[in-house]
Amino acid sequence: MTCKAMFLEASVILPILLLAPVDTAIGEAIAASRCRPPLEPWTQVELYFGRGFGADAVVSEEAFERFLSKVVTPLFPAGLSVVDVAGQFRDREGRLIREPTKLLILLVPDAADVAPDVETIAKAYKERFDHQSVLHAEQPVCVAFR
């Protein structure tokens with residue numbers, strides 16, 4: 001193989017490897033290697049709930065609190081955090097949509113164990129408030145309860 005061919009092959013493969021998602025086990029191993037005692041590797045699960053509802057209406061604070069107490073808290077009684085954020089996205093027609101958003105943060109020792117519960121929460125929100133999607137993100141973190 002010529003140098004030029006190797007360069008072309010590398011220039012095609014390397015960006016693909018860099019953009020490939022990191023396997024969860026690899027991410028957890030990286031977090032574990034970076035967690036200094038007494039910190040332990042866990043996963044931070046984030047769910048973003050857009051509160052837009054129709055034209056200018058929003059899912060009210062009271063409606064979200066009922067959802068939180070009836071659906072989320074029973075699944076995660078040990079604790080969770082909710083933060084108000086300003087969300088925005090482009091709709092299918094390319095319009096910029098801004099809406100108040102609730103960010104649910106869950107810190108869990110094993111994301112795979114809670115995956116069905118996370119899916120239950122997202123599905124319930126979409127059904128209850130007639131939403132197309134709930135943004136779900138996960139990342140390895142180091143935690144300690146002091």
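Note that the coordinates shown come from a computational prediction; the quantities given were computed from them, not determined experimentally.
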Under a single-linkage definition using a 4.5 Å side-chain heavy-atom cutoff for Ile, Leu, Val, Met, Phe, Trp and Tyr, are [X] and [Y] assigned to the same hydrophobic cluster?
| X | Y | answer |
| --- | --- | --- |
| Val143 | Val83 | no |
| Val82 | Leu75 | yes |
| Leu68 | Val114 | yes |
| Val71 | Val59 | yes |
| Phe67 | Leu80 | yes |

Is the closest side-chain heavy-atom distance between [X] and [Y] below 4.5 Å?
| X | Y | value |
| --- | --- | --- |
| Ser60 | Glu65 | no |
| Phe49 | Phe129 | no |
| Leu104 | Glu46 | no |
| Val118 | Leu47 | yes |
| Glu61 | Arg66 | no |

Taking Glu119's backbone N and O only, do any of them form a donor-acceptor pair with His136's side chain (distance below 3.5 Å, no angle check)?
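Not a single qualifying donor-acceptor pair exists.
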Distance-minimising heavy-atom pair for [X] and [Y]:
| X | Y | result |
| --- | --- | --- |
| Arg51 | Glu99 | N-OE1, 3.5 Å |
| Ser69 | Pro74 | O-CD, 3.3 Å |
| Thr43 | Val141 | C-CG2, 4.1 Å |
| Lys102 | Phe64 | CB-CZ, 3.6 Å |
| Ala111 | Glu138 | CB-OE1, 3.5 Å |
| Tyr48 | Val134 | O-CG1, 3.5 Å |

Taking atom [atom1] of [X] and atom [atom2] of [Y], what is their separation to the nearest 0.5 Å?
| X | Y | atom1 | atom2 | result |
| --- | --- | --- | --- | --- |
| Ser81 | Leu107 | OG | CG | 7.0 Å |
| Phe76 | Leu106 | CZ | CG | 5.0 Å |
| Cys142 | Arg34 | SG | CZ | 8.5 Å |
| Asp91 | Gln132 | CG | CD | 9.0 Å |

Are Tyr125 and Glu127 linked by a side-chain donor-acceptor pair shorter than 3.5 Å?
no
For side chain to side chain contact (heavy atoms under 4.5 Å, CB included), just list the numbers for Val108 and Val45, CA-CA rounded to whole Å, side-chain angles, deciding distance to a tenth of an Å, and then say yes or no.
CA-CA 7 Å; Val108 298; Val45 178; 4.0 Å; yes
Apart from Ile97 itself, what residues make up its hydrophobic cluster when side-chain heavy atoms of I, L, V, M, F, W and Y under 4.5 Å apart count as a link, directly or indirectly?
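Its cluster partners, ordered by chain and number, are Phe89.
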With a 6.0 Å cut-off (strictly less than), is the heavy-atom count around NZ of Lys123, excluding the residue itself, greater than 12?
no
